[in-house]
Amino acid sequence: MVFLVLLCLALTVLLGGGYYAYRVAFWSPKKGREDLPVHKGKQYEPHLPEIARLLQTLIDRPCEFVSVTSYDGLTLWGRYYHVSDGAPLDIAFHGYRSSGLTDFCGGAEISREMGHNLLLIDQRAHGKSQGSTITFGIKERYDVLTWVDYALERFGKDTKILLYGISMGASTVLMASELPLPENVKGIVADCPYSSPTKIIRAVGRKQRIPAAVAAVFSWAGAKVYGGFDLRETDPVRAVKQAKVPIVLIHGESDGFVPCDMSAEIQRANPQMIYRCTFPVADHGISFLVNPNRYRQIVREFCDKVLT
């Protein structure tokens, strides 16, 4: 009898903690989802004028809203920017609770300078896309395949494709690298990726003084019971071991959200396919703003190499 009481109590705590973790980490309410994120924090202050310029430039560019249906029936949306027929296509995936406009306003400029067409994705449970659960790349990695298939059907089987991602989007495209990507996908550019969903949740939990083990257990339970996915199903480190396309990792050495060591861990998993560049003093996702010339050079040289 005592055992049953203790078991029920433990399950109640697990389910209650899991529900709280789900609502905090994974649930995405529809209200305000299409609003552009506000850049808060001292790390952004020196760059706010340039962010505003880049963002307004991208907003002013004409685009076509396009959509696909995900493997599990969600309508996903993206913005397509056309430069020229037959040009390589960059498909870009934004970060956690962010948007393609904000995360790739700098990358879009580089893409246009290279003469590439661009597809900015609203990840599931973000922006205009359907879904209420953010899965940290677990389900999103299959959406990468869906968008690649869309691109080949619309632009032709000879279209050369580059995958881009920042933060969660970077981990998403890295996790997609273990999937059967068509040969049209020539390379992956991943900016400040985390090495696993569980590890980034533990890292954020520690900053909030939540024991790592507690954060891991409750987040796993919340994802499994309320979100319908397994946080441990895969991760970027495991995925890139199977990667057959070249990858360049970019990371700010002063990243206060995703530790820079995480991208080093990813590179060690497949050093023959992965090249890594770090930016001194750059915080999370602002390596381009800290040193735009070097960032441009890295991306252009990588693209020249993989597209030749």
Q: Can you list the other members of the hydrophobic cluster that holds Trp220, where links are side-chain heavy atoms under 4.5 angstrom apart?
A: none

Q: Is the shortest heavy-atom distance from the side chain of Cys303 to the side chain of Met114 under 4.5 Å?
A: yes

Q: With a 4.0 Å cut-off on N to O distance, would you call Glu265 and Arg238 a salt bridge?
A: no

Q: With side chain to side chain donor-acceptor pair (under 3.5 Å) as the test, would you mind laying out the steps for Asp60 and Gln56 before giving the verdict?
A: CA-CA 6 Å; Asp60 290 342; Gln56 191 60 52; 2.9 Å; yes

Q: Atom CG of residue position Asp158 - does it have more than 12 heavy atoms of other residues, nucleotides or ligands inside 6.0 Å?
A: no

Q: By the salt bridge (charged side-chain N to carboxylate O under 4.0 Å, His left out) test, which pairs, at least two apart or in different chains, include something from residues 169-197?
A: Arg141-Glu178

Q: Mind running ring pair (Phe, Tyr, Trp, His ring centres under 6.0 Å) on Phe136 and Tyr96 for me, showing each step along the way?
A: CA-CA 8 Å; Phe136 280 62; Tyr96 178 75; 5.2 Å; yes

Q: Contact between Val173 and Ile91 at the side-chain level, heavy atoms closer than 4.5 Å - yes or no?
A: no

Q: Check step by step if side chain to side chain donor-acceptor pair (under 3.5 Å) holds for Tyr226 and Thr133.
A: CA-CA 9 Å; Tyr226 303 105; Thr133 300; over 6 Å; no

Q: Would a distance-only check, ignoring hydrogens and angles, find a side-chain to backbone donor-acceptor pair under 3.5 Å from Ser28 to Ala125?
A: yes

Q: Between His126 and His94, what is the ring plane arrangement, given parallel below 30°, perpendicular above 60°, and tilted in between?
A: perpendicular

Q: Please name all residues satisfying ring pair (Phe, Tyr, Trp, His ring centres under 6.0 Å) with Tyr80, sequence neighbours left out, ordered by chain then number.
A: His82, Phe155

Q: Check the side chains of Glu140 and Thr135 for a donor-acceptor pair under 3.5 angstrom, ignoring hydrogens and angles.
A: yes

Q: Using a cut-off of 6.0 Å, state whether more than 12 heavy atoms not belonging to Glu153 lie near its atom CD.
A: no

Q: Quick one: which residue pairs count as a salt bridge (charged side-chain N to carboxylate O under 4.0 Å, His left out) with a foot in residues 16-36, not counting sequence neighbours?
A: none

Q: Taking side chain as C-beta onward, heavy atoms only, is Val204 less than 4.5 Å from Phe257?
A: yes

Q: Looking at residues at least two apart in the chain, or sitting in another chain, which of them share a side-chain contact (heavy atoms from CB on, under 4.5 Å) with Gln267?
A: Leu249, Ile274, Arg276

Q: Looking at Phe279, I'd like to know if the NZ or CZ of Arg294 sits under 6.0 Å from its six-membered ring centre while staying within 45 degrees of the ring's axis.
A: yes

Q: Using a strict threshold of under 4.0 Å (side-chain N to carboxylate O), is an ion pair present between Glu45 and Lys42?
A: no

Q: Taking everything shown except Tyr150 itself, do over 12 heavy atoms lie less than 6.0 Å from its OH?
A: yes

Q: Got Leu76 and Arg124 here, is their nearest side-chain heavy-atom distance under 4.5 Å?
A: yes

Q: Kindly check if the number of other-residue, nucleotide or ligand heavy atoms within 6.0 Å of OH (Tyr19) is above 12?
A: no

Q: If you take all heavy atoms of Asp255 and Gly285, which pair is closest and at what distance?
A: OD2-N, 4.5 Å

Q: Could you list the cluster mates of Phe65? Members are the ILVMFWY residues connected by side-chain heavy atoms closer than 4.5 Å, either directly or through other members.
A: Trp77

Q: Taking the side chain as every heavy atom from C-beta outward, state whether Thr198 and Ser219 have any pair of such atoms under 4.5 Å apart.
A: no

